[in-house]
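The structure under discussion appears below in the form of structure tokens.
All chains are named by letter (A, B, ...) in the order of the sequence lines, taking the proteins before the strands, and each is independently numbered beginning at 1.
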Amino acid sequence: MHKLTSSLNLQSANLQYFRSKILAWNRENNDRKMPWKGEKDPYKIWLSEIILQQTRVAQGLKYYNDFILNYPTISDLANAPDDEVFKKWEGLGYYNRCRNMIFTARYIRDELNCIFPITYDDILNLKGVGEYTAAAIASFAYNLPYAVVDGNVVRVISRFLALDKQLVTASDKRLYQEIANSFLSKQKAGEYNQAIMDFGATVCMPQNPTCGICPIKRKCKAYALDGIEKYPPKKKKLKLKKRTFHYVILQVGKSIYVRQRNAKDIWQSLYEPILIEQSSVPDWLKKHKAVSKKSQKLSHQQLDIRFYILNTPSEVPIDIDSYSKVSRKQLAQKAYPKSVYDFLQEFKYLELAKD
DNA sequence: AAAGCGGGGTT
DNA sequence: AACCCAGCTTT
């Protein structure tokens with residue numbers, strides 16, 4: 001190939017070594033089992049990949065099983081009400097994924113007659129599907145020769161080549177994609193992509209990789225340099241924005257007031273009680289004691305959350321037109337941020353009142 | 001190019 | 001407390 005290949009010393013002998021060792025490891029030593037493995041239905045592959053974006057397999061597993069059970073085909077998912085789908089996604093995080101998933105299911109139902117796209121470019125055009133996910137679906141479902149570049153692949157390549165780069169800029173992305181393409185087995189694209197990700201997850205792990213049993217350590221440059229832990233370089237940690245939420249549970253009879261979050265902010269599409277966001281306690285709330293306090297750390301924000309229970313609307317001197325009174329039965333069917341869900345659960349708001 | 005977007009497991 | 005996970009979209 002060209003400059004890139006030679007500067008990184010990617011001779012075909014090394015490419016072949018890497019490729020064949022990874023495939024052999026996969027056949028002989030990879031006992032990782034996941035329900036979507038070997039799956040050929042592009043709908044199920046797509047669903048698993050959306051759920052697994054920035055999410056550990058162990059965490060996504062039960063969500064995948066639940067979605068497949070309730071929505072066995074893409075039309076089942078497309079026909080489901082938004083709130084019902086979000087309730088199943090609740091707790092998984094990055095809720096834009098869920099919104100895009102619903103949009104794409106309906107797009108495929110309405111525009112593609114429920115037929116999942118079959119080319120890489122058409123798959124890539126789906127909302128919520130980027131290069132990684134498109135390559136995963138194209139290779140797993142159709143064995144098309146597109147190399148996946150996810151966190152596992154970046155780590156394995158960075159170490160094998162002692163490549164001192166994170167995946168930050170578009171240039172980094174092109175570099176890793178090109179290297180991954182050259183390593184890819186074009187004939188066994190699906191098998192190879194699955195293999196390298198399993199390898200990264202179970203052998204070449206982020207911390208304490210098991211180099212002793214690694215099938216490619218003989219040519220691994222980071223291993224030779226005794227610098228496995230230096231590759232890939234650490235991401236710079238962003239400092240957390242601090243926010244304080246005062247949630248007022250305004251009870252009227254068996255109902256409380258909630259609304260759906262629609263602003264361009266965290267937790268879009270999820271429901272919440274009456275929110276006052278300010279660092280200090282509002283004067284009118286000072287005579288009430290917070291019945292619960294929670295601290296929640298997001299990837300980019302540190303939330304200090306306090307809950308108050310009030311019983312009459314006149315005690316709440318703010319505009320609550322955007323909220324509606326919702327019964328216990330209806331509350332149980334909506335999706336909430338983790339901290340709000342935990343509160344509602346602890347204080348029995350999600351149980352049906354039996355009287 | 002950089003920022004925004006969750007929640008959890010592991011060490 | 002640090003690190004990072006089968007990343008994508010918007011600004």
Answer yes or no: is there a side-chain heavy-atom contact under 4.5 Å between [X] and [Y]?
X: A:I256; Y: A:L331; answer: yes
X: A:Y192; Y: A:F183; answer: yes
X: A:V129; Y: A:E49; answer: no

Looking across every strand, which nucleic acid part, if any, lies under 4.0 Å from [X] by heavy atom: base, sugar-phosphate, or nothing?
X: A:D342; value: nothing
X: A:R32; value: base
X: A:M205; value: nothing
X: A:V57; value: sugar-phosphate
X: A:S48; value: nothing
X: A:N208; value: sugar-phosphate
X: A:G91; value: sugar-phosphate
X: A:Q268; value: nothing
X: A:V129; value: sugar-phosphate
X: A:I51; value: nothing
X: A:A201; value: nothing

Query - Position toward the 5' end of DNA chain C (nearest nucleotide), A:W36 or A:K264 - result: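 The residue closer to the strand's 5' end, by nearest nucleotide, is A:W36.
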Query raised in the report: Mapping A:R155 and A:K173 onto DNA chain C by nearest heavy atom, which one lands closer to the 5' end?
Result: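 Mapping each residue to its closest nucleotide by heavy atoms, the 5'-most match is A:R155.
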In whole angstroms, how far is the [atom2] atom of [N] from the [atom1] atom of [X]?
X: A:L167; N: B:dA2; atom1: CG; atom2: P; answer: 13 Å
X: A:Q54; N: B:dC5; atom1: CD; atom2: C1'; answer: 10 Å
X: A:K236; N: B:dA1; atom1: NZ; atom2: P; answer: 13 Å
X: A:E90; N: B:dG8; atom1: CD; atom2: C1'; answer: 16 Å
X: A:Y63; N: B:dG8; atom1: OH; atom2: C1'; answer: 10 Å
X: A:K165; N: B:dA1; atom1: NZ; atom2: P; answer: 12 Å
X: A:D172; N: B:dA2; atom1: CG; atom2: C1'; answer: 13 Å
X: A:K338; N: B:dC5; atom1: NZ; atom2: P; answer: 20 Å

Report task. Give a yes/no answer on whether the side chain of A:H300 brings an N or O atom under 4.0 Å of OP1 or OP2 in B:dC5. Result ->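 For A:H300, the contact criterion (side-chain N or O under 4.0 Å from OP1 or OP2 of B:dC5) is met.
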Query raised in the report: Would you say a side-chain N or O of A:W89 is under 4.0 Å from OP1 or OP2 of B:dG6?
Result: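 Result: no.
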Between the side chains of [X] and [Y], does any donor sit under 3.5 Å from an acceptor?
X: A:Q11; Y: A:N14; value: yes
X: A:E131; Y: A:Y146; value: no
X: A:Q194; Y: A:D198; value: yes

Expressed as a whole number of Å, how far does the [atom1] atom of [N] sit from that of [M]?
N: B:dG6; M: C:dC3; atom1: C1'; result: 16 Å
N: B:dG9; M: C:dC8; atom1: C1'; result: 23 Å
N: B:dT11; M: C:dA6; atom1: P; result: 14 Å

Query raised in the report: Can you tell me how far the OH atom of A:Y17 sits from the CD1 atom of A:I216, to the nearest 0.5 Å?
Result: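 It comes to 6.5 Å.
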Query raised in the report: According to the interplanar angle, ranging from 0 to 90°, do the rings of A:Y71 and A:F67 count as parallel (below 30°), tilted (30 to 60°) or perpendicular (above 60°)?
Result: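 Plane angle between 30° and 60°, so tilted.
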Query raised in the report: chain A on DNA chain C: first and last contacting nucleotide, 5' to 3', under 4.0 Å to a heavy atom?
Result: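 Contacts span C:dC3 to C:dT11, reading 5' to 3'.
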Query raised in the report: Sub-3.5 Å donor-acceptor pair from the side chain of A:N143 to the main-chain atoms of A:Q187, do we have one?
Result: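 Confirmed, A:N143 side chain pairs with A:Q187 backbone.
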Query raised in the report: Between A:S171 and A:R97, who's closer to the 5' end of DNA chain B by nearest nucleotide?
Result: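 It is A:S171, whose closest nucleotide lies nearer the 5' terminus.
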Query raised in the report: Closest nucleotide of DNA chain B for A:Y95 versus for A:V168: which of these residues is on the 5' side?
Result: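 Closer to the 5' end of DNA chain B: A:V168.
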Query - Side chain of A:Q59 (C-beta onward), nearest among B:dA1, B:dG6, B:dC5 - result: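 Of B:dA1, B:dG6, B:dC5, B:dG6 is nearest to the side chain of A:Q59.
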Query - Polar pair under 3.5 Å, donor/acceptor by atom type, side chain A:S299, base B:dG7 - result: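 Looking at the base of B:dG7, it does not pair with any donor or acceptor on the side chain of A:S299 (distance under 3.5 Å).
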